Amino acid sequence: MILEAVKPGHFPIVASLICIPLIGVMGLILAGRERVRLMKGIALFATVSEAAFSLLLVSNFDAENGEMQFVEAHTWVSELGVSYQAGIDGLNLWLVVLSALLLMVLVISTGSVGNHQCRKTYFIRLLLLESAAIGAFVATDVFLFYVFWETALIPAYFLMGWEGNSSRRSAAATKCVLYNMAGGLFLLGGIVYLYFYYHSITGEYSCNLLHWYTMIIPGEVQPWLFLTFTIAFAVRIPLFPFHTWLPNAYTEASVGGRVVLGSIFLGMGCYGLLRFTLLLFPQAVTQYGHVVAFLAVFSLLYGGLVAVSQDDINRLLAYASVSSLGFAVLGICSGTVLGITGGVLQVINHGVVMAALFLMLDMLDRRCFTGTVGGSRGLWKTMPVFAFVFLIVCCGWMGVPGLSGFISVFLILLGGFRTNVWYVVFGAGGLVLVAIYGFGVLQRVFFGQGLDRKDRDGEDLSNREQCALLPIVILVFWIGLYPMTFVQPVETTVREMMQRVELKIKSASDSKAGDVGVPEAE
Amino acid sequence: MLNLMWIALLFPFLSAITNGFYGNRYSRQVVGLIACLGGFGPLMVSCRGWWDLVHAAPVDEWAREAVLWQWVPCDTISIDIGFLVDPLTLVLLLLVSSIAFLVQVYSLRYMERDEGFRRFCVELNLLIFFMLTLILANNFLLLFVGWQGLAFCTYLLIGFRRGDHDAAERSKTVFIVGRIADYGFLIALLLLAVIFGSLDFSSVLSAAPKLLPADGFAVTTITLLLFLGAAGKSAQIPLHIWLTDTRDAPLPAGALINTVTTVSAGVYLVLRFNVLYGMAPITLWVMAVTGVVTALYAAAIALTQFDIRKVLAYSSMSQFGLIFLACGTGAFAGGLYYLVIHAFAKTLLFLAAGGLMYSLEGEADMRRMGCSRVDLPWTHLCFVIGVFAIAGIGPFGGFLGLEPILWKAYGKNVWLWGGGVATLFLTVLYMLRALFLIFYGALRQRGRGGQSVKESPVLMIAVLAVLSVISIGVGWIGIPEALCGKDRFLWFVGSVFMGPRDFAGGGPLATVNVERFAGDALVNTELILAGIIIAVIAVGVGMAAFCYLLRPSLPGVISKRLGCLYRVFANEGYGTMIYRELFVEPVHQWSRWMARFIDEGVVEKSVVGMGRLIYALSAIGNRANSGSKEEDDT
């Protein structure tokens, strides 16, 4: 019956996904500073119900339908054409689910860390970021998207910079925010241009992305717009050479900040690239997409290579992120259904695995693990469950087939073959590199002297921690062994999208031929 | 039953899961019993499958497929979790499961005192699970699952004694060298997917002759890449350096890795895609040459080593070189046959060596073993049988397996044949050297009150005995026709290696193997060659007896004379060092250089510079602003 109630049209499920965290934030603000259990309860309730709602979304999602579903539209500022428009399709479905699930995992796992004063603000920031990220994922109104896109920076900044007082920390946070805001300016410029351009051809103001999809942008402007959008998204993904904010951010952020940054925040960049550039600038993508693909291949090799020699585990993971999202961008730029589907899946995989790695390294941290090469500890004897889960996650990360990482990379490379063989030949080298640095991480964590059994620090995972990691392990296996669940909705949407892209290119070239014909007639 | 062969996979998997998660609640005996089921189940299933295949199915229907579920359905490609059963699969299934079961029974006693017994059981069962997956898969991608899983389990087993930092470093090498090889495999897989639009063996292999021109660029590239993968798995030059690291694994696991699991996975890849290889003569040449070089090189190294585990590991590498030589000459069935013979004999030797180490409290240096034949009569007997089987002495398997291979090599090129015979000669030398050093040298000092060395427990001896019997008997299954046999083995697996029925000219065997001789002349030549081989073996036995029994000081003198050459082999060709200098160090240096110069130098500086520039501009503006203000004030 609940399932019936949330059928599209009955219940604003997308809006409630944005609002639930905000309600949680309200509750947290109202809760007294000392009432720790209450605060934990509120945060847990908000994230769990968010996750439940996202799963409801999945169960009601029609995988055969490539159009926007659960569409909600309300006018906001009618004079400017700004409205609240949101919907779910194959591109953002899993990103929404991933954000909701990971936030739940994060709250379960880190709910009792740190001192009480920090707890309240920590939860508030997490929930705010969740709301903003999900808002950006579901928004189909460009103005709304931009608002959420930039709003996400604020809680991200505080998650990174506020919790410690060290100057390095706030410097890293400032760098991250300034970098992303600078990227955001490019995005804003592009959006404003398109906004007025849309007005100039239709005579009305609209920010609806679905409307924008229908307009044909002149071939000579497209590359420039493509450039501005790509720079904005490349900063957030991040692609070489815009990646230098990430290592600092990972190193200085708290664990919550790292998880949210790594798995959700970076995913927003890839999502933007997918949602905006392919359908808005199809010609520019076919012309210059290979430049981005080259950049992607370069950054996946570069990130992998630099990661090999990093002593600090967080810096290593930052470069690993650059490398694996390079794969995702390669897939997205391939312009094939296989590649794009693989790219979306790669973003999901990256999110799951990074979150798991950060959480587990944090669990070790709390048991006095130093995270640098010197401080290796043996874990098999004292923490077998931890060791097992860590092994599974690392294997998923390294693309061992049968686990999550492999399928997406396989699809990406297969899709990439259609564009340029050399990208694939070099890109596959990234898999060799991931084995090298992935084993670096495994080695650091696993080998060396065992922790003393009597030592309290060497306790195995608590029930709470096991609960937190269970969904991640399930996902790693599920995506690896039965990826159909995840691939199908994405594939349907992508295929529809690519058909529209083809149509657009065709009609654009037709009208261009007409344009050329007119001066001749004169 | 043939459609349900995948059930074999469940046994090792469930066994690993049960022991892994709940094993700490059970006693060692129960854990051991559960572990053994992981090998016993597949053995029963494959026996039943073999029975069904031979007795029930007509020869045309010997290849059966069963699909469990759709795995990767996306756009133009659809890949299933599906399984294929044909004679090749069945032979390997029987081989792997029987040896795995025996090794598991053996390790019940061998690993008894080890504190990591449960973990060992889990890892061993996982290893078997992935090997069975690899054998049973009906498409490239599922095969790749088993392929990588094997590398992973090998890594786990080599790093079994995790306290040892060196072992940890080495176990990493296995996986990374494996990844380099897998790189070739992956690219080949992608190429196949793009060309054929499918990764199922049946569709790829049946469409290959139509879609790919024989001896064309595409098929050569694909097969070379696949061979890169196979060479990495089967420890062929230059991707062999990981093999000796297997000595860090517990010995029974080392035996499995060196015979029927990891190392033979590479050969399986070649055997399975024999149709493709048959179409690419260049690859076959590369394979044959690599095989023969590896065989000689490894045999030479084995002759200089003193660690019994290293001798056996290099011996495996050398024997697999011969198997690749066989495949390279188009004698795929012969390669498979020798794989089977070698697997039993080599497992026997490994386990016998394990028995020795068990009795001698972990001593692995052959010079210090000095065992008495009286103290360890059974181990001695089994070791002798193993040595004879590998060295091709007497009526044991080795000779009967090697003879057809060398004959085929002769058909391709005399030099290949010469290399093979030289390898055989070295094999006789190093195997007998090991035997004489261990059992016929000076007796070991009896420590601790003159106790004599105790024979291994009954269970271990029983396993050795079973393996000995099989080693003696297995060679008789497929006596080549030239030696008045029936070649039943070739008859059984023939349908796999003849290629698709519509492949003109009788399949890849015929296209590759140029029939130089005809009729009686053919048989006569084969008999003459067999005679030469027997003579070479006899000379080898004589020399070994002279060098290591009658004049034990002679080998030292000879090695001094050889000087530099000897040092190269004694140091295992400096393989690890070369690998480190050529691959590990450059990657790390590049990595450091890029991190320091490009990342922190160029990119980061320009970003910070941009920030500084803005500050500077703002300062200028500020000054201008305040300057004008001051003017106003004055």
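Here is the naming used below: chain letters follow the sequence lines, and residue numbers restart at 1 for every chain. Please read all numbers here as calculations on a predicted model, not as lab measurements.
For A:Val425, the parts sitting under 4.5 Å from any heavy atom of chain B are the backbone and the side chain alike. In this structure, the portions of A:Phe410 lying under 4.5 Å from any heavy atom of chain B include both its backbone and its side chain. The part of B:Trp69 that comes within reach of chain A is its side chain, from C-beta onward, which places non-hydrogen atoms under 4.5 angstrom from that chain. Heavy atoms of A:Val434 lying under 4.5 Å from chain B belong exclusively to its side chain.
Pairing each heavy atom of B:Pro73 with each of A:Glu491, the nearest pair is O-OE1, 3.8 Å. B:Arg179 approaches A:Val400 most closely through the heavy-atom pair NH2-N, 4.0 Å. Counting all heavy atoms, side chain and backbone alike, B:Met594 lies closest to A:Leu305 at SD-CD2, 3.4 Å. Nearest approach of B:Gln148 to A:Gly399, heavy atoms of both residues: OE1-O, 4.1 Å.
Of the listed residues (A:Leu481, A:Val487, A:Thr492), the one with the most heavy-atom contacts under 4.5 Å to chain B is A:Leu481. Chosen from A:Gly402, A:Ala182, A:Ala307, A:Pro483, the residue pairing most often with chain B at heavy-atom distances under 4.5 Å is A:Pro483. For the set A:Gly415, A:Cys395, A:Pro247, A:Gly304, the entry with the most heavy-atom pairs within less than 4.5 Å of chain B is A:Cys395.
For A:Trp478, the CH2 atom is loosely surrounded, since the number of other residues' heavy atoms within 6.0 Å does not exceed 12. Counted within 6.0 Å of CZ on B:Arg596, heavy atoms from surrounding residues, nucleotides or ligands total 12 or fewer; the atom is thus considered open.
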Practice task
Take A:Tyr482 and B:Val72 through the side-chain contact (heavy atoms from CB on, under 4.5 Å) test and state the conclusion after the steps.
Solution key: CA-CA 8 Å; A:Tyr482 198 77; B:Val72 194; over 6 Å; no
Problem - Audit row: B:Trp71, A:Ile407, side-chain contact (heavy atoms from CB on, under 4.5 Å) steps and yes/no - result: CA-CA 10 Å; B:Trp71 185 21; A:Ile407 301 290; 3.9 Å; yes
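Classification of the B:Phe144-A:Phe406 ring pair by plane angle, with boundaries at 30° and 60°, yields tilted.
Inspection of non-hydrogen atoms places A:Val337, A:Leu338, A:Thr341 of residues 334-341 of chain A under 4.5 Å from chain B. Proximity to chain A among residues 187-201 of chain B is limited to B:Ile187, B:Leu189, B:Leu190, B:Leu191, B:Ala193, B:Val194, B:Leu199, judged by heavy-atom separations below 4.5 angstrom.
Taking 4.5 Å as the limit, every side-chain heavy atom of B:Asp182 sits out of range of all side-chain heavy atoms of A:Leu431. Residues A:Phe240 and B:Val603 have side chains in contact (heavy-atom distance under 4.5 Å, counting atoms from C-beta outward).
Using modelled atom types, one side-chain atom of B:Ser591 and one backbone atom of A:Ser309 make a donor-acceptor pair closer than 3.5 Å.
Note: A:Leu411 CG to B:Ile77 CD1 = 8.5 Å, rounded to the nearest 0.5 Å.
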